[in-house]
Amino acid sequence: MRLPQAGSCPCYQVGDTFLFERYGSADDFWHMGLNTLRQTEEPAESTAGGPAFPHCSEAWDAISRYIYAGLQGGSIMRGWMRDEREMIACCSGGTRPVIFRIERIDCKVLHLSVPGTEVCRKELLELEGVKEVLFKDSCAEVVLDADVEDQLLKAAAERAGDGAVLCVE
């Protein structure tokens with residue numbers, strides 16, 4: 001039962017968006033989501049998942065198993081939701097519950113010998129199943145809406161002529 005006099009949850013705001021990543025040395029799960037906050041209406045420093053404030057223990061207890069399943073590439077809730085990549089979970093904080101929509105975003109990471117370019121992005125986006133391409137240092141995060149073979153991704157990135165693909169995760 002929500003108690004109005006308890007106020008709203010001090011850790012989360014409506015519309016907060018978090019992104020958990022796991023590749024190379026990045027593993028946001030083992031830090032209780034520290035620095036996973038991507039969008040908020042409040043200062044990031046005072047919101048769970050920001051640079052100084054991991055997710056609260058009650059919320060983390062409710063959502064961590066689904067985040068872990070998603071990070072492993074598994075079905076978050078097969079048979080319960082229309083899309084097995086999605087889940088709705090609720091913090092069990094008692095008087096100030098928070099509802100979370102959890103979505104697994106499938107992606108592969110291409111480790112490049114040089115930083116990626118717009119030509120590389122264009123080549124990758126022309127592949128069926130590639131939804132978005134984001135560059136971080138010498139990595140290309142390729143967001144997928146269908147399975148794409150590693151060799152096709154590697155060939156498309158190397159067609160750009162900017163360098164070699166060292167490995168695909």
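For the single chain, residues carry numbers from 1 onward in sequence order.
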Peer 1: Any side-chain heavy atom of Asp28 sitting closer than 4.5 Å to one from Leu71?
Peer 2: no
Peer 1: Between CG of Leu166 and NZ of Lys154, what distance do you get to the nearest 0.5 Å?
Peer 2: 8.5 Å
Peer 1: Considering only NZ, NE, NH1 and NH2 on the basic side and carboxylate oxygens on the acidic side, decide whether Lys122 and Glu126 come within less than 4.0 Å.
Peer 2: yes
Peer 1: Pick one: which of Tyr12, Phe100, Phe29 meets ring pair (Phe, Tyr, Trp, His ring centres under 6.0 Å) with His55?
Peer 2: Tyr12
Peer 1: Other residues, nucleotides and ligands only: do more than 12 of their heavy atoms fall within 6.0 Å of CD on Glu103?
Peer 2: yes
Peer 1: Once rounded to the nearest 0.5 Å, what's the spacing between atom CD of Glu118 and atom CG of Leu125?
Peer 2: 9.0 Å
Peer 1: So do Pro115 and Ser138 actually touch side chain to side chain, heavy atoms under 4.5 Å?
Peer 2: yes
Peer 1: Does any part of the side chain of Phe135, heavy atoms only, come nearer than 4.5 Å to the side chain of Cys120, both counted from C-beta?
Peer 2: yes
Peer 1: Check each of Val165, Val130, Val133 against Leu153 using the side chain to side chain contact (heavy atoms under 4.5 Å, CB included) test, and report the only one that passes.
Peer 2: Val130
Peer 1: Does any non-hydrogen side-chain atom of Asn35 lie less than 4.5 Å from one of Pro51?
Peer 2: yes
Peer 1: Any sub-3.5 Å donor-acceptor pair from Thr17's side-chain atoms to Gly15's backbone N or O?
Peer 2: yes
Peer 1: Counting heavy atoms not belonging to Leu134, are there more than 12 under 6.0 Å from its CG?
Peer 2: yes
Peer 1: How many angstroms lie between CG in Leu19 and CD in Gln39, if you round to the nearest 0.5 Å?
Peer 2: 12.0 Å
Peer 1: Which distance, rounded to the nearest 0.5 Å, do you find between the CG of Leu110 and the SG of Cys139?
Peer 2: 8.5 Å
Peer 1: Can you tell me how far the CG atom of Leu124 sits from the NZ atom of Lys108, to the nearest 0.5 Å?
Peer 2: 12.0 Å
Peer 1: Could you pull out all residues at least two apart from Asp106 that satisfy salt bridge (Lys or Arg N to Asp or Glu O under 4.0 Å)?
Peer 2: Arg104
Peer 1: Sequence neighbours left out, what passes side chain to side chain contact (heavy atoms under 4.5 Å, CB included) with Arg65? Give chain and number order.
Peer 2: Asp61
Peer 1: Can you tell me how far apart CD (Glu158) and OG (Ser113) are? Round to the nearest 0.5 Å.
Peer 2: 8.0 Å
